[in-house]
Participant: 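One structure is given below, represented as structure tokens, and several questions about it will come after.
No experiment lies behind these values; they were computed from the predicted model shown. Just so you know, ligand 1 is whichever comes first in the structure, and atom 1 is the first atom listed for that ligand.
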Amino acid sequence: MRFFLVVFWLLPLMAQAATPELIVVKPWMRYLLASIPAAGYMELQNPGAADVVITGAASSACGMLMLHKSSDTSGMAMMMDVQSITVPAHGSVTLAPGGYHLMCMQPAMKPGDKVALTLSLQNGGTVAAVLPVYGAQNAP
Ligand SMILES: [Cu+2]
């Protein structure tokens, strides 16, 4: 029984020592004004054989950081909270203007800054990213 417990305790540690579950490509943040939420964008690649589900995000540069999705239904641009974003096995998901994005409430940043954030995964893991901050005129 004791051996059994030890093995289960070690498994998560071994998993974290492996390659990251998601590869973050071209992350960036659009900041306009302190009174307007900033938005985080990136491409997330999943090199693994299992889907990876993002269930939350956090950053010390944001009062709150939420998973959002924009949609353009019947000519009206809207966005809403989503509970999760699934990055399919051996696939990718792009967070970009007009689609999935991270919504940073009460942004504490300015163009030129680099904002660190952490994505939390359904499996208990985390993925870290650093997003250079651009203003309205300066998106890559
Ligand atoms: Cu949003």
Participant: If the Cu ion (ligand 1) is the vertex, what is the angle to SD of M79 and NE2 of H101, rounded to 10 degrees?
Facilitator: 100°
Participant: Below 2.8 Å, any N, O or S contact between M66 and the Cu ion (ligand 1)?
Facilitator: no
Participant: Regarding H90 and N46, is there a side-chain donor-to-acceptor distance under 3.5 Å anywhere?
Facilitator: no
Participant: Check whether any side-chain heavy atom of V127 sits under 4.5 Å from a side-chain heavy atom of V24, and report yes or no.
Facilitator: yes
Participant: Side chains of T126 and L119: closer than 4.5 Å at any heavy-atom pair?
Facilitator: no
Participant: Please give the atom name: the N, O or S atom of H68 nearest to the Cu ion (ligand 1).
Facilitator: ND1
Participant: Indicate if the distance from the Cu ion (ligand 1) to the nearest N, O or S atom of S70 falls below 2.8 Å.
Facilitator: no
Participant: Do D81 and H68 come close enough that some side-chain heavy atom pair is under 4.5 Å?
Facilitator: yes
